[in-house]
Amino acid sequence: GHGTGRTAVAVAAGDYQTCAILDNGDLKCWGWDLYGQLGDGRSNTNLHAPSSTAIDLGTGRTAVAMAAGTYHTCAILDNGDLKCWGWDNNGQLGDGGSNTNLNAPSSTAIDLGTGRTAVAVATGDFHTCAILDNGEAKCWGRDYDGQLGDGGSNTNLLAPSSTAIDLGTGRTAVAMDAGYYHTCAILDNGDQK
């Protein structure tokens, strides 16, 4: 399975793919690869077991957290960079709008704002959210049902907004989860939004 002597320290399941972070920081995914959500750079070939080689996250980079959406996968790297791959029909990969599916992580990380890094990531059906190192929360991708939390334009975002979600005066997010068409956050005072 994962490689000789390796164990999994985190696992995430999307609708059609499963991913694991191994004890050495390698990231591997398996399952259905119709839109490149396995991230292995291959020609959308389904895998019935983890590959022998890890996903290429960049030279010397490892994964510390990840999330799997319906047709896309995202990982936070050891330097706080956030990268996504798979289907990009609504901008959920956060790369600014090519709407081009990626079968491997991009060489450039998502722009979360000057000097900002990601500490948590959540993936919905066609949207992605992150908690930043300063406790701000940002979402991008499909917004048909207000799941991006930006106040109601219901306009898809192809990259993280320059302004964070309004969680309330002085409030920050400590945990997030995203469902099919919704997003939830737990705040630093224990409130849920």
Side-chain angles (χ1 to χ4, degrees), residues 6 8-14 17-29 35-42 50-51 53-88 90-124 126-142 148-149 156-165 172-178 183 185:
R6 296 269 70 95
V9 296
V11 67
Q17 78 275 24
T18 304
C19 300
I21 297 175
L22 307 188
D23 56 351
N24 62 354
D26 281 356
L27 176 58
K28 296 184 177 187
C29 298
Y35 299 104
Q37 62 264 41
L38 299 189
D40 58 7
R42 294 161 34 132
S51 168
T53 55
I55 293 171
D56 181 4
L57 299 170
T59 305
R61 297 271 71 97
T62 57
V64 297
M66 42 120 196
T70 300
Y71 300 118
H72 75 294
T73 306
C74 299
I76 298 175
L77 310 188
D78 58 298
N79 62 354
D81 281 356
L82 177 59
K83 294 184 176 186
C84 299
W85 56 92
W87 203 17
D88 198 30
N90 288 280
Q92 59 265 46
L93 300 189
D95 58 7
S98 66
N99 281 18
T100 302
N101 300 345
L102 295 176
N103 64 5
S106 168
S107 58
T108 54
I110 294 170
D111 181 3
L112 299 169
T114 304
R116 296 273 69 97
T117 57
V119 297
V121 60
T123 48
F126 300 113
H127 71 291
T128 304
C129 299
I131 299 175
L132 309 187
D133 59 298
N134 61 356
E136 289 182 349
K138 293 185 176 185
C139 297
W140 56 93
R142 187 180 201 159
L148 301 188
N156 294 352
L157 289 179
L158 307 179
S161 169
S162 57
T163 40
I165 295 169
T172 57
V174 296
M176 285 185 92
D177 200 6
T183 307

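For residues 90-118, no residue pair satisfies the ring-ring contact (aromatic ring centres under 6.0 Å, His included) rule, not counting sequence neighbours. Identified under the ring-ring contact (aromatic ring centres under 6.0 Å, His included) test for residues 105-124, with sequence neighbours left out: none.
Distance check: L93 CG to W85 CH2 gives 10.0 Å after rounding to the nearest 0.5 Å. With rounding to the nearest 0.5 Å, the separation of CG in N101 from NE2 in H72 is 11.5 Å. In this structure, D78 CG and L57 CG are separated by 8.5 Å, a value rounded to the nearest 0.5 Å.
Not a single donor-acceptor pair under 3.5 Å links the side chain of T62 to the backbone N or O of G25. Checked by atom type and distance alone, the side chain of T123 pairs as donor or acceptor with a backbone atom of A68 at under 3.5 Å. Remark: side-chain polar atoms of K83 are not paired, donor with acceptor, to backbone N or O of I76 under 3.5 angstrom. Without hydrogens or angle criteria, K138 side chain to A164 main chain gives no donor-acceptor distance under 3.5 Å. Within the 3.5 Å criterion, the main-chain N or O of N99 finds a donor-acceptor partner in the side chain of D88.
A search for side chain to side chain contact (heavy atoms under 4.5 Å, CB included) contacts involving T183 returns H127, C129, C139, Q147, M176, A178, not counting sequence neighbours. For D40, the salt bridge (charged side-chain N to carboxylate O under 4.0 Å, His left out) test picks out R42, with sequence neighbours left out. Residues meeting the ring-ring contact (aromatic ring centres under 6.0 Å, His included) test with F126, sequence neighbours left out: W87. In terms of the side chain to side chain donor-acceptor pair (under 3.5 Å) criterion, D95 has no residue partners (sequence neighbours excluded). Taking N79 as the reference, R61, L77, D81 meet the side chain to side chain contact (heavy atoms under 4.5 Å, CB included) condition, with sequence neighbours excluded. For the side chain to side chain donor-acceptor pair (under 3.5 Å) test, residues two or more places apart in sequence or in another chain that qualify with T100 are S98. A search for side chain to side chain donor-acceptor pair (under 3.5 Å) contacts involving Q92 returns N89, not counting sequence neighbours. A search for side chain to side chain contact (heavy atoms under 4.5 Å, CB included) contacts involving S106 returns L102, T108, not counting sequence neighbours. For A159, the side chain to side chain contact (heavy atoms under 4.5 Å, CB included) test picks out no residue, with sequence neighbours left out.
With a 4.5 Å cut-off on side-chain heavy atoms, C84 and T73 do not count as touching.
Residues L38 and I55 share a closest heavy-atom pair of O-CD1, 3.3 Å. Scanning all heavy atoms of the two residues, the minimum distance from W140 to P160 falls at CE3-CG, 3.4 Å. The two residues L82 and A75 come nearest to each other via the heavy atoms CD1-O, 3.3 Å.
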Take N90 and N156, measure what side-chain hydrogen bond (donor to acceptor under 3.5 Å, both in side chains) needs, and give me the verdict at the end.
CA-CA 6 Å; N90 288 280; N156 294 352; 3.0 Å; yes

